[in-house]
Amino acid sequence: MSPVQYAATLPDKWGEHVSKLPRNKLYLSGKCILYVWNEPSGSMQGTRNKMDILYKAGARLMTEYDPERVTHIVASLDTQKNVLQMCGIRKVTELPVHIKTVTWEWIVHQIQGINHTEIYYEPFISRMKQVSQAAKGEAAKDDASSSAKPSYLETSARKREETDDEGSPKKKAKHGPGFQPLQPPSLDASSSSNFDPLAEFYEQAKLMDEFEVEEDEEKPQAVTPSEASEGSKTRWQCDGAPVNSGACPNQDIVDKLLELREIHSARQGSDDMWRTFSYRKSIANIKAFPKRIESYSDARSIKGVGDKTALKIMEIVQTGELERLKHARTDDIVVAQLFQGIYGVGPATAFSWYSQGLRTLEDVKNGKNGVSLSLVQEIGLKFYDDINDRMPRSEAAEIFCKIRQIALTIDAKLYMEIMGSFRRGKATCGDIDILLTRPTDDGKTHHDVMRVLLRRLHEEEILTYDLATPDDLDDLEATYRGLCQVDTAPGRRQRRIDILSVPYGSLGGALLYYTFNRSMRLKASHMGYSLNQRGLYKGVVRDPRDRNKKLSPGTLMDGLSEKEIFDILGVPWQEPHQRVRS
DNA sequence: AGGCCGTACTG
DNA sequence: CAGTACG
DNA sequence: GCCT
């Protein structure tokens, strides 16, 4: 069955289901989406899954290009040819501006309910320029009229459509005979179904939240007592074991323990360091505990919770308070926490300053009692709030787009990806995290790109302050940390940015490492592999008495894709933001 | 009693 | 080398 | 802090 034929079966297959969904779950309602597939006939399961998802999210799934109706085209660089073919055009820039080309990633984010600008998901650089210029031109006039618009790009694109200036391919609709868009079933806002096929998206999103705050190790176990005995095999979080959903029944406990953890982490000394580490683990597992903790043994059944923590939990359960917290938040701790908000200041520096009599950021700024700051700390202090605040996702996207454009003028074959919380679909980002590499099939590398790029970005005043520059700028693997700004207006907020380059063969490993990471690394290590930012190593030999000691580092399996690493580790494939399992 | 993630940059 | 940051 |  061809994709087009398959698409025709969707109403029968899902129509009833979709009609029962509440309106607010139809994330793509009103959008007419042309999905461009790119799969050798035979393996079109991926295409079908994606069509299912689009349809179930309320989209009108188009199977042919109709410039009057299509609002979005889901495409990628790989499918560019197919796009041109399906639309009967020669260049993607011939597409009318009001039709947005987006990657599959964008769809996933819509379904996760994350609102963001579309431009980052623009797969075609030439269109990206078109659209971003259009957006900029209109943004100024736009303020008053736009209130609850999805994104400024959407707004401007619509306006642009009215005054349609440039030669958009004329609407000689090239419908084949019998063509018609697939209509989603009519909505019934009042009814809702129990079974939400998109639930997994939420679960995944939540799961990533856990990662953000915390979490490693095996899947938090000790689920319900009944379930606890069955299955002797270890379950790994990355295997996609079901995750506790809904509100946490032990939130009060978690909050109190979090406070305690913050206190320990503000202190200096290795004792507190490990205590902090320990709290991390136990708190993550308590969060995942499915029912209210009622007894000491309940508490002890949770992994990472020992005698001490269990007693604290009991105190909280019984009295609602934790006596310890009242005495622990002493002056030195509070001040140390304040000081550690300065980038480059950790426990040691913070307490050293405290013991020298400093108490406020003013004291620090004035160099009271002769304390001096490192260059990095100077910057950290100057932009204390900027660095600690998060930025809206759209701003991260905007900065990334600018940087990508500049980078591509240095070398058009560069591969760049924005990582970190952005890639995981968060609505706000603590920093911008850019991965950079370049395919080597033509014998070239990105060895000199970092040097040139950093210079250009400084010239453009996108990069403003360096926090750490790579030891060797010509190395294929290099890390840059600094501050950047979205434009040069005075008083513009400074944002944290990291740019790191990796050898092309490490791309898969790096992508994984910077998004998924912890639990998968652990699984790797138990399977006799080792996973770090360079990739997957096989043949790792560990001391049988002490698993932590590596006797042999193993050999790097170079050039694996993300997918291949998943396969080797036996982890079901999940798209970058952890979602569609296919 | 001793491990608890591994790596890179600063000074 | 210790301290710090980060995923 | 917890775990082995």
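Computed over heavy atoms, backbone and side chain alike; hydrogens, waters and symmetry mates excluded. Each chain gets a letter, A, B and so on, in the order the sequences are listed, and its residues count up from 1.
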**Student:** How close or far is atom C1' of B:dC4 from atom OH of A:Tyr279, stated in whole angstroms?
**Tutor:** 16 Å
**Student:** For A:Lys281 and D:dC2, what is the distance between atoms NZ and C1' respectively, to the nearest whole Å?
**Tutor:** 7 Å
**Student:** Judged by each residue's nearest nucleotide on DNA chain B, which is more toward the 5′ side, A:Ser374 or A:Ser270?
**Tutor:** A:Ser270
**Student:** Would A:Arg438 and A:Tyr415 count as a cation-pi pair here, with the cationic atom under 6.0 angstrom from the ring centre and within 45° of the axis?
**Tutor:** no
**Student:** Return the residues of residues 333-359 of chain A meeting this criterion: a heavy atom under 4.0 Å from some atom of DNA chain C. Order them by number, or give none.
**Tutor:** A:Ile342, A:Tyr343, A:Gly344, A:Val345, A:Gly346, A:Pro347, A:Ala348, A:Thr349
**Student:** Could you state the CG-C1' distance from A:Leu375 to B:dG11, rounded to the nearest angstrom?
**Tutor:** 10 Å
**Student:** Considering the options A:Val376, A:Val364, A:Ile387, which one meets the side-chain contact (heavy atoms from CB on, under 4.5 Å) requirement together with A:Leu381?
**Tutor:** A:Val364
**Student:** Do A:Val345 and A:Trp353 come within less than 4.5 Å of each other through their side chains, counting heavy atoms only?
**Tutor:** yes
**Student:** If the P atom of D:dG1 is compared with that of B:dT7, how far apart are they to the nearest Å?
**Tutor:** 30 Å
**Student:** Quick one: is B:dA8 close enough that its OP1 or OP2 comes under 4.0 Å of any side-chain N or O from A:Arg534?
**Tutor:** yes
**Student:** Assign A:Asp307 to base, sugar-phosphate, or nothing according to its heavy-atom contacts below 4.0 angstrom with the strands shown.
**Tutor:** sugar-phosphate
**Student:** Would you name the heavy atoms of A:Glu461 and A:Gln485 that are closest together and state the gap between them?
**Tutor:** O-NE2, 2.9 Å
**Student:** Mind calculating the distance between NE2 (A:His264) and C1' (B:dC4) to the nearest angstrom?
**Tutor:** 16 Å
**Student:** Can you tell me, in whole Å, how much space there is between the P of C:dA2 and that of B:dG3?
**Tutor:** 16 Å
**Student:** Name the orientation class of the two ring planes belonging to A:Phe383 and A:Tyr465 (parallel below 30°, tilted from 30 to 60°, perpendicular beyond 60°).
**Tutor:** tilted
**Student:** Show the numbers, then the answer: is there a side chain to side chain donor-acceptor pair (under 3.5 Å) between A:Tyr504 and A:Asp558?
**Tutor:** CA-CA 9 Å; A:Tyr504 194 65; A:Asp558 200 45; over 6 Å; no
**Student:** Which of these, A:Val254, A:Asn250, A:Val305, A:Asp298, sits in a side-chain contact (heavy atoms from CB on, under 4.5 Å) with A:Ile313?
**Tutor:** A:Val305
**Student:** How many Å lie between CD1 on A:Ile387 and P on C:dC6, as a whole number?
**Tutor:** 9 Å
**Student:** Does the side chain to side chain donor-acceptor pair (under 3.5 Å) test come out yes or no for A:Gln494 and A:Thr464, once each step is laid out?
**Tutor:** CA-CA 8 Å; A:Gln494 303 292 316; A:Thr464 50; 2.5 Å; yes
**Student:** Could you tell me how far apart A:Asp498 (CG) and C:dG7 (P) are, to the nearest whole angstrom?
**Tutor:** 6 Å
**Student:** Is there a side-chain contact between A:Thr309 and the phosphate of D:dC2, meaning an N or O under 4.0 Å from OP1 or OP2?
**Tutor:** yes
**Student:** Taking atom NZ of A:Lys444 as the centre, report whether more than 12 heavy atoms of other residues, nucleotides or ligands fall under 6.0 Å from it.
**Tutor:** no
**Student:** Remember a base hit wins even if backbone is also touched, and classify A:Asp431 as base, sugar-phosphate or nothing at under 4.0 Å, heavy atoms.
**Tutor:** sugar-phosphate
**Student:** Could you state the CG-P distance from A:Asp466 to B:dG11, rounded to the nearest angstrom?
**Tutor:** 12 Å
**Student:** Tell me yes or no: between the side chains of A:Asp272 and A:His264, is some donor less than 3.5 Å from an acceptor?
**Tutor:** yes
**Student:** C:dC6 phosphate, OP1 or OP2: any side-chain N/O from A:Arg496 under 4.0 angstrom?
**Tutor:** yes
**Student:** Which residues within residues 467-485 of chain A lie with some heavy atom under 4.0 Å of an atom in DNA chain C?
**Tutor:** A:Arg481
**Student:** Any base atoms under 4.0 Å from A:Arg324, or only sugar-phosphate, or nothing? Heavy atoms, all strands.
**Tutor:** sugar-phosphate
**Student:** From CD1 of A:Ile302 over to P of D:dC2, roughly how many Å is that when rounded to an integer?
**Tutor:** 13 Å
**Student:** Does the ring of A:Phe277 meet both stacking tests against the six-membered base ring of B:dC4: centre distance under 5.5 Å and plane angle under 30°?
**Tutor:** no
